Every structure is written in structure tokens, then in C-alpha cells.
Student: 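Would you mind keeping the following structure in view while I ask a few things?
Owing to the predicted nature of the structure, the values given are computational and were not obtained by experimental measurement.
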Amino acid sequence: MEYLAKRPFIVIFILTVTFIFLFGFVFGIENSMIQGGVSAVLAVFLSPRKKKFTTQTGEKTEITWIFLKKPIIID
């Protein structure tokens, strides 16, 4: 999970493709604009978030994600 949390572009791509498949084949939505739009919004909502903050030792990056209990801190 930490590997995916550090690379949000991979998570967004995987979630978007999964949601497009889900909306197209499972729910039968044929309009590609609706499939792409709703899939992109859901993927961005579920993707990891990065926050930068400054400490005494320097600038650090905190990654929070809905699927992780604790945030990941990168130096």
C-alpha cells in the first residue's frame, strides 16, 4: 500500500480504468462522457493526498489516504 500511496498517478489511472469498466459493463452506461467524468471524479476522490510541512529538521511530505490508517511521512 505504501508503494501505491507514494505514486498517486498510478492509483488514479488504475481507479479510472476500473470505474470505466464497472460503469460500462456492469451498470450498462453507454455515454462515454458520463463514464469518464464520474470515473475521474471518483478516482481523484479516492487517490492519496500529499501535504508538505516544515519542521525543525527541514521540509517533509505527508501522504494520507482513505485506505491507510496512519499517514506516511517522507523526508
Side-chain angles (χ1 to χ4, degrees):
M1 283 295 217
E2 289 186 25
Y3 177 80
L4 290 176
K6 292 179 183 177
R7 289 159 182 81
F9 56 90
I10 295 174
V11 175
I12 291 173
F13 177 74
I14 291 171
L15 287 174
T16 303
V17 170
T18 304
F19 285 133
I20 286 175
F21 174 77
L22 186 80
F23 290 138
F25 293 108
V26 176
F27 294 128
I29 298 174
E30 303 223 355
N31 190 344
S32 62
M33 294 292 283
I34 293 174
Q35 281 181 352
V38 173
S39 297
V41 168
L42 286 173
V44 169
F45 178 73
L46 294 175
S47 67
R49 304 275 188 261
K50 289 184 179 181
K51 285 192 259 180
K52 291 191 177 191
F53 61 93
T54 307
T55 62
Q56 291 179 347
T57 59
E59 189 172 285
K60 297 191 180 211
T61 303
E62 179 182 56
I63 299 173
T64 56
W65 197 11
I66 193 167
F67 300 116
L68 293 176
K69 291 183 180 180
K70 293 189 241 178
I72 300 170
I73 297 178
I74 301 172
D75 294 331

Student: Using the side chain to side chain contact (heavy atoms under 4.5 Å, CB included) rule, pick out the option among T18, V11, V17 that qualifies with I14.
Tutor: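 Running side chain to side chain contact (heavy atoms under 4.5 Å, CB included) over T18, V11, V17 with I14 returns exactly one hit, T18.
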Student: Distance from I74 atom CD1 to E59 atom CD, nearest 0.5 Å?
Tutor: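 Atom-to-atom, I74:CD1 and E59:CD are 12.0 Å apart.
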Student: Linking I/L/V/M/F/W/Y whenever their side-chain heavy atoms sit closer than 4.5 Å, directly or via other members, would V26 and L15 fall into one cluster?
Tutor: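 As far as the 4.5 Å side-chain criterion goes, L15 and V26 are connected within one cluster.
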Student: Rounded to the nearest 0.5 Å, what separation is found between the CD atom of Q35 and the OG1 atom of T16?
Tutor: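 Nearest 0.5 Å value for the CD-OG1 distance: 12.0 Å.
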Student: CD1/I63 to NZ/K50 distance, rounded to the nearest 0.5 angstrom?
Tutor: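 Answer rounded to 0.5 Å: 5.5 Å.
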Student: Could you see if V41 belongs to whatever hydrophobic cluster contains I66? Use Ile, Leu, Val, Met, Phe, Trp, Tyr and a side-chain cutoff under 4.5 Å.
Tutor: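 Per the 4.5 Å side-chain linkage, V41 and I66 are not co-clustered.
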Student: Any side-chain to backbone donor/acceptor pair from S47 onto V44? Under 3.5 Å, distance only.
Tutor: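 Yes.
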Student: Would F25 and L22 show up in the same hydrophobic cluster when neighbours are defined by side-chain heavy atoms closer than 4.5 Å?
Tutor: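 As far as the 4.5 Å side-chain criterion goes, L22 and F25 are not connected within one cluster.
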Student: Out of curiosity, R7 CZ to I12 CD1, how far, rounded to the nearest 0.5 Å?
Tutor: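 Rounded to the nearest 0.5 Å, the CZ-CD1 separation comes out at 14.0 Å.
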Student: Are M33 and V38 connected, step by step, through hydrophobic side chains (Ile, Leu, Val, Met, Phe, Trp, Tyr) whose heavy atoms are closer than 4.5 Å?
Tutor: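 No.
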Student: CZ of F67: more than 12 outside heavy atoms within 6.0 angstrom?
Tutor: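 Counting neighbours around CZ of F67, more than 12 heavy atoms of other residues, nucleotides or ligands fall under 6.0 Å, so yes.
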Student: Look at the side-chain heavy atoms of Ile, Leu, Val, Met, Phe, Trp and Tyr, link any pair under 4.5 Å apart, and say whether I20 and F45 land in one connected group.
Tutor: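 No: no chain of side-chain contacts under 4.5 Å links I20 to F45.
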Student: Give the minimum heavy-atom separation between F23 and S39, together with the two atoms involved.
Tutor: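 Scanning both residues completely, I find the closest heavy atoms to be CD1-OG, 3.4 Å.
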Student: I'd like to know if the side chain of W65 reaches the main chain of L46, judged simply by a donor and an acceptor atom lying under 3.5 Å from each other, with no hydrogens or angles considered.
Tutor: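 Yes; at least one donor-acceptor contact below 3.5 Å.
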Student: Within the supplied structure, the quantity of interest is the number of heavy atoms (other residues, nucleotides, ligands) at a distance under 6.0 Å from F53 CZ; does it exceed 12?
Tutor: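 Enclosed: over 12 neighbouring heavy atoms sit under 6.0 Å from CZ of F53.
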